[in-house]
Structures are given as structure tokens and as C-alpha cells.
Amino acid sequence: MKYVIGIDYGTESGRAVLVDLEGREIADHVTPYPHGVIDEVLPESNVKLEQDWALQHPRDYLEVLATAVPAVLKKSGVNPADVIGIGIDFTACTMLPVDVFGEPLCFKHEVKHRPHSWVKLWKHHAAQDEANLLNEIAKKRGESFLLRYGGKISSEWMIAKIWQILNEAPDIYEQTDLFLEATDWVVFKMTGNIVRNSCTAGYKSIWHKQEGYPNREFFRALDPRLENLTETKLRGDIVPLGTKAGELTNEMAAMMGLLPGTAVAVGNVDAHAAVPGVGVVEPGKLVMAMGTSICHMLLGTEEKYVEGMCGVVEDGIIPGYFGYEAGQSAVGDIFAWYVEQGVPAYVKEAAEKEGIGIHEWLEKRAAAYKPGETGLLALDWWNGNRSVLVDTDLTGLMVGYTLLTKPEEIYRALLEATAFGTRKIIDAFVESGVKVEEIYACGGLPQKNRLLMQIYADVTNHPIKIAASKQTPAVGAAMFAAVAAGKENGGYESIVEAAKKMGKVRDEVFKPIRENVAIYEQLYQEYVKLHDYFGRGGNNVMKRLKSIKENVGLKESVNINI
Ligand SMILES: Nc1ncnc2c1ncn2[C@@H]1O[C@H](COP(=O)(O)OP(=O)(O)O)[C@@H](O)[C@H]1O
Ligand SMILES: O=C(CO)[C@@H](O)[C@@H](O)COP(=O)(O)O
């Protein structure tokens, strides 16, 4: 029997699974990142971060390799010689500057107190000014790539993040040999090879299979200092998913408890790896990776332009198809915010008394309400809007409070708001001619909250199939590892073959309930009105509030060394 290991690098933790080549999960292990999300002060130096920053510590990623891989080997009792490959997926665009040796700049004593030397996590939103200007310039120049990204390049992505570094810390930019996606950096640490994957290059760095990166004139128009960016600090081969990036080095093999020479697949993105993870390798099947955020993944046979989607990339998910991605920047994060910041003490006490978590307590009570019964309606923009408005300056909103409003009603309205956000994305796809016939869900949320899944089925009016695995992206990453290992070593010829054998969903399906669908249709139409009014310039109050807040903050802030 042969095995493969997949590691899913999430926002808070790294999750490893060891699976056999039929997709059976033999063992898993979760390693929380020791430093988590760094959004207040830098480790060691305690330098304060500004608003909208979100960083990570690259050493935490290595900690996952050193802890989670030996743990799954030990738990499973599998002989390391029978592990034929390892693959990883990551949040993205999570990027870092490295020196000529591939070492992260934040490891250097001289610059570790500088925020720009650290890993910028996908949800670092402080490059919005750069993103706005980039979009303005690209639009003025009539750059056709904008269409592939729904009309806007996000501040979460590579070019905006790099430009922020150049603007605010030009010396850090100068010292950088390469800007890498974290997924490519971890693969480099395992193999010694710097290989960029076509998925992050396509979705996050404006790279196109036929056209390559935008041309030098575009980058010069942004800033003359960026003119050579793609040949210098973004240089490197870009290869398709499933390619073997190299083999485990002696040093890393010893650290991870595997054999040197084990095949390592090129890096991938968490949500994208989840698609084959649920066995989806054809068009019409929307896969939602539901966790802190939601990524919506869809395959198509043509390159269509959809408003506000995150991108369409040829071979970006499954070779042979155009992969579409859309998303919501906060979903589980909104529920977490409410549980941590919004619920009264009596809820916490009651949940404790019942011996259940606060989410479970709220879910139980919220489930007793019918759609529309709370009288509440919310916009799901607690962390900005990623699709279809692509604007991180938008913020949250709830309408309909009364003196009788209860915490569980607010919780239910938040669950519903995120479902409406997903419905808006589905509508955008369908209106642009990209069909959505079935919905699949994976990630932590479908395993944790049944009410949420029923609401999604009712709001979208589609049955929802749930991934069999709790670690679907990791299983998908393991499938790509099987492809990287190759058939001759007991793996698979292609990801389609691997997905057919290894991808699995549960028997239970969440089906829409007719009465609920009808009421949610009415509520959704109200959501769309609020969405367009606050999101399309009818009332820019959210942006004005943010700017007032920033100005007040600026006056108060001490000189922060970025
Ligand atoms: N019972 C629950 N209902 C709804 N959301 C939950 C529940 N339990 C945890 N969450 C949220 O799920 C998110 C974590 O999702 P998960 O898929 O495990 O992680 P990640 O997004 O890092 O991959 C957190 O934002 C958390 O607030
Ligand atoms: O943006 C992407 C993928 O393109 C994700 O990595 C990002 O939303 C983070 O996902 P998680 O919510 O941590 O699973």
C-alpha cells in the first residue's frame, strides 16, 4: 500500500492528512501557528501595526512541517518509505520578501522590527490605496487583463502588496531578491527549488498562460521603479498544478520523518485544492470552501468575464478548464467577531451551563426562527467585499433592530447575510453565462453549523453536497502529490484520475425547503437594494466613516516605523 500526505495551510493553523490512494484518511493532525495572525504588534520588537495590517511568521509554517508530518506518520504507523509524495495548499495571496538565499527578510536582525519585512497574510488590507490607483491606471490604459479579474485587482493580491512595500519601505523593497507566495516558499524550503505555481501566479499576480504578466509599460505607468518587476523580483519558472517541484532534501526529510527524495508537488491554493478534493473535475459544479472566508470555485470551458470575480485562469484549478474564483472576505470571521465581541455575558454563562460552545448555543436558538421572523437584514462586509464589488473599504451593516432583538436573532441574520453574499456571486456567474448547476461545500463551517448549511440551500435554492473530509483542501493537496509522484511510483497520471478515485462527499445532502426559498427570495431582493445603495455609490457613508477614523487615528499615532 502506498500513501500521500497533504498539508493545508489555513489562516490560523496547518492541517496535515495522510491518505491512501483510494482517498481513505488514515491520520490527520492540526498544528496551530504559534504566532497566529499578527495584526497588532510584531513579535519580539513589539512594534505596533497600523489598521488593516495582517502578517504571519514564516517560522510557523516550518513548525507545521516539523510537527504535523511526524504526527500523522506516528498516528498511522505507516512506513515513511511507503509515502510517495507530499503536496501543500495555502491561503493566498500570502506573500513574503526573501533574500538571494531564499531566507525571509524578517529573519534578519537588522530589519525584523520593520513590518514590511514580514509575511503579508491574504487578509492584509492595507494596500487598498495602491490597489485603487492600480485599477485607475489600468482602466485609463484600457488594460484587457482587468476583464479577467472582474474589472478590479484586489488589494489582497501580489502587485498591490508589493507596491505598498515599495511606497512605504523602499529600502526593504531594494533588499528583496524575490517576492514569493508563501506556498512557493514552503515548497522551496522542502526541495531547495524555487518554482512558482500557475495557480497563484494566475489568480494573484495577474499572470496569463498565453500573455504572461502585464507589460513593462503598465508597470512603468504605476511607478518607474516597478518597470522591471516581473523580470527581477517576480522572476522564475511558472509551472502547472500537479508538477513535481522537486524532492525532499536530506535536512527536511530528517526534520519531517520522511525519506529524502520523496516527491514534492508545486504549491497550490487552499480553495483550489478543495475542488478535486470533493471529486469535482467538470463544469457547472460550484465548490464553496467555507471557513474564515468563503472561496467559490467553478470550472468552465470558455473564458467569460464575470463582474467582480476574483479571476479566471486557464488550468488554474483543473488542467484543461478555465477555473473561476469568487469569494467573500469574511464569513466564519463574522460569526467569530459576534461571539467574541457581541454576545452578552448571560449567553456565555448559559452556554457554559449547557456544556456547549457559544456558536452551538446561538445556532440552537436561531434555528427555532423562521426565515424573516427576526425582522433583521445585514450586509456581510465586516472585512470588506471581495466579490462582486471588490472593495475592502466597505463595512458591516444591520437593519431592523428593536428593543426586543435577541442575540440569537442577530446571529441568524449574520448567517443569512453571508448566504445572500454567496447568492449574489452565483447570480453574477449565471448572468455572465457561466452555469451553476450543483453546489458542493467543504471547509470547517459545513461540519460545524447545520443551520448555516440549510440557510445556504434555501437562499441559493440549490441542494448542497458536503465534503466527506474535514480536511478537503489537504486531501486535494495530497491528490496533487499523487500526481507529482507519478503513475510509475504508484501515484496517478492526472488530477482527473486522482479525483475520481480519491474525492468523496457525504451521503447527506442539504435540500432547499420550498417555503423558506420563497421568503428568502423576498429578503434577498431587499439585500440587493442595500448592496447596491451602499456598495455602488448610492451612499458612500462607509468610506467616509473609515476616512474620518483614519484621519483621527493619524493625528493620534506616534511615529510608526514601517
Ligand atoms: N459552530 C460554528 N458556527 C459557525 N462558525 C463557526 C463555528 N465554529 C467555528 N466557526 C468559525 O469557523 C471559522 C474557522 O473555519 P475553519 O474552516 O475551521 O478554518 P480556516 O478558515 O482557517 O480554514 C472561524 O472563523 C470560526 O469563527
Ligand atoms: O483567497 C483565498 C484563495 O484565493 C483564500 O486563501 C483565503 O480566502 C483564505 O481562506 P480560509 O478562509 O483561511 O480558508
Side-chain angles (χ1 to χ4, degrees), residues 7-15 30-33 36-37 54 56 88-95 121-125 149 154-158 181-183 197 199-200 202-205 267-275 277 287-297 309-311 313 316-317 323-342 351 356-364 366-367 382-384 386-387 408 411-412 414-415 418-419 441-453 455-456 467 469-474 476:
I7 306 177
D8 172 35
Y9 281 93
T11 301
E12 307 279 350
S13 61
R15 285 86 67 151
V30 179
T31 306
Y33 300 141
V37 176
Q56 279 190 326
I88 66 165
D89 67 76
F90 232 96
T91 63
C93 165
T94 296
M95 53 79 78
L121 183 61
W122 65 275
K123 63 177 175 175
H124 172 91
H125 282 163
Y149 299 96
S154 163
S155 71
E156 287 182 7
W157 300 346
M158 186 65 99
E181 282 279 349
T183 195
N197 73 87
C199 177
T200 50
Y203 287 102
K204 311 296 178 183
S205 294
N268 200 346
V269 176
D270 45 11
H272 301 238
V275 176
V287 179
M288 303 189 294
M290 305 178 73
T292 313
S293 61
I294 296 186
C295 292
H296 305 78
M297 320 297 307
M309 80 179 142
C310 303
V313 175
I317 303 173
Y324 293 87
E325 179 187 350
Q328 288 165 266
S329 311
V331 174
D333 252 1
I334 302 182
F335 316 144
W337 164 81
Y338 184 60
V339 162
E340 284 158 22
Q341 308 293 337
I356 56 176
I358 298 171
H359 281 287
E360 288 74 20
W361 191 93
L362 289 167
E363 182 197 347
K364 215 162 103 184
W382 262 247
N383 193 16
R386 195 194 264 182
S387 300
E408 55 268 33
Y411 190 73
R412 183 172 178 120
L414 293 174
L415 303 184
T418 67
C442 65
L445 292 186
Q447 312 282 343
K448 291 173 183 152
N449 195 317
R450 296 182 61 82
L451 172 63
L452 180 75
M453 298 321 297
I455 291 173
Y456 272 61
S469 172
K470 286 189 181 156
Q471 308 290 4
T472 316

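Atoms within a ligand are numbered from 1 in the order they appear, just like the ligands themselves.
- Of all protein heavy atoms, the one lying nearest to atom 22 (O) of ligand 1 is T292 OG1, 3.2 Å.
- Using a 3.5 Å distance cut-off with no hydrogens or angles, the side chains of Y456 and T418 do pair a donor with an acceptor.
- Remark: among candidates G444, C442, G14, the nearest residue to atom 17 (O) of ligand 1 is G444, based on non-hydrogen atoms.
- In terms of modelled atom types and a separation under 3.5 Å, the side chain of E325 and the main chain of C295 share no donor-acceptor contact.
- When each atom of ligand 1 is checked for a heavy atom of L445 under 4.0 Å away, the hits are 4 (C), 5 (N), 6 (C), 10 (N), 11 (C), 12 (O).
- The backbone N or O of W361 lies less than 3.5 Å from no partner atom in the side chain of Y411, so there is not a single donor-acceptor pair.
- Close contacts of ligand 2 with T292, meaning ligand atoms under 4.0 Å from a residue heavy atom, involve 12 (O), 13 (O).
- The shortest N/O to N/O separation between G332 and ligand 1 falls below 3.5 Å.
- Ligand 2 lies within reach of C295, whose nearest heavy atom is under 4.0 Å from it.
- With contacts defined as side-chain heavy-atom distances shorter than 4.5 Å, the pair M95/W157 does not qualify.
- Within ligand 1, counting atoms from 1 as listed, the ones closer than 4.0 Å to a heavy atom of T11 are 22 (O).
- Near N449, meaning under 4.0 Å from one of its heavy atoms, ligand 1 places the atoms 3 (N), 4 (C).
- Under the 3.5 Å distance criterion, the side-chain polar atoms of E363 are matched with a main-chain donor or acceptor of R450.
- Heavy-atom contacts of E325 reach the following atoms of ligand 2: 3 (C), 4 (O) (cutoff under 4.0 Å).
- In terms of polar-atom proximity, defined here as any N/O pair under 3.5 Å, A271 makes no such contact with ligand 2.
- Listed by number with element, the atoms of ligand 2 under 4.0 Å from a non-hydrogen atom of T91 are 6 (O), 9 (C), 13 (O).
- Residue contacts with ligand 2 leave out M290, since none of its heavy atoms falls under 4.0 Å from the ligand.
- The proximity of E12 to ligand 2, defined as any non-hydrogen pair under 4.0 Å, does not occur for either the backbone or the side chain.
- Side-chain atoms of R386 never come within 3.5 Å of backbone atoms of G327 as a donor-acceptor pair (strictly under, hydrogens ignored).
- A donor-acceptor pair is defined here as one N or O able to donate and one able to accept, closer than 3.5 Å; such a pair exists between the side chain of Q56 and the backbone of T11.
- Ligand 1 places these atoms under 4.0 Å from at least one heavy atom of F335: 4 (C), 5 (N).
- Ligand-side atoms of ligand 2 in range of K204: 1 (O), 3 (C), 4 (O), range being under 4.0 angstrom from any heavy atom.
- In this structure, the protein non-hydrogen atom closest to atom 2 (C) of ligand 2 is A92 O, 3.2 Å.
- Within the 4.5 Å cutoff, side-chain heavy atoms of K123 are placed close to those of D333.
- Atoms of ligand 1 found under 4.0 Å from any heavy atom of E360, numbered from 1 in the order shown, are 1 (N).
- Taking the side chain as every heavy atom from C-beta outward, K470 and R15 never approach each other to under 4.5 Å.
- The nearest protein atom to atom 9 (C) of ligand 1, hydrogens excluded, is given as K448 CD, 3.5 Å; this is a heavy-atom distance.
- The shortest N or O to N or O distance between E363 and ligand 1 is not below 3.5 Å.
- In the vicinity of A336, heavy-atom distances shorter than 4.0 Å reach the ligand 1 atoms 27 (O).
- Between Y33 and Y9, the angle of the ring planes stays under 30°, which puts this pair in the parallel group of the 30/60° scheme.
- Nearest protein heavy-atom contact of atom 13 (O) of ligand 2 is T11 OG1, 2.6 Å.
- At the shortest separation from atom 5 (C) of ligand 2 among protein heavy atoms lies D270 OD1, 3.4 Å.
- Looking at Q471, H359, R450, R15, it is R15 that brings a heavy atom closest to atom 23 (O) of ligand 1.
- With W122 as reference, S293 is the one residue of S154, S293, C93 to meet the side-chain contact (heavy atoms from CB on, under 4.5 Å) rule.
- Side-chain contact check for S387 versus C310: some heavy-atom pair is nearer than 4.5 Å.
- Ion pairing between a basic and an acidic side chain is recognised when a charged N comes within 4.0 Å of a carboxylate O; K204 and E181 show no such pairing.
- Within ligand 1, counting atoms from 1 as listed, the ones closer than 4.0 Å to a heavy atom of M290 are 17 (O).
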Side chain to side chain contact (heavy atoms under 4.5 Å, CB included) between N383 and H125, intermediate numbers included = CA-CA 9 Å; N383 193 16; H125 282 163; 3.1 Å; yes

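- Near Y411, meaning under 4.0 Å from one of its heavy atoms, ligand 1 places the atoms 3 (N), 4 (C).
- Rounding to the nearest 0.5 Å gives a distance of 8.0 Å between CG of L445 and OG1 of T292.
- Backbone and side-chain nitrogen or oxygen atoms of E156 are examined, and none is located within less than 3.5 angstrom of a nitrogen or oxygen of ligand 2.
- The proximity of S293 to ligand 2, defined as any non-hydrogen pair under 4.0 Å, involves the side chain as well as the backbone.
- Within the 3.5 Å criterion, the main-chain N or O of A274 finds no donor-acceptor partner in the side chain of T472.
- Nearest residue to atom 9 (C) of ligand 2 from Y203, W157, W122 is W122 (criterion: closest heavy atom).
- Of all the atoms in ligand 2, the ones that sit under 4.0 Å from a non-hydrogen atom of V269 are 3 (C), 4 (O).
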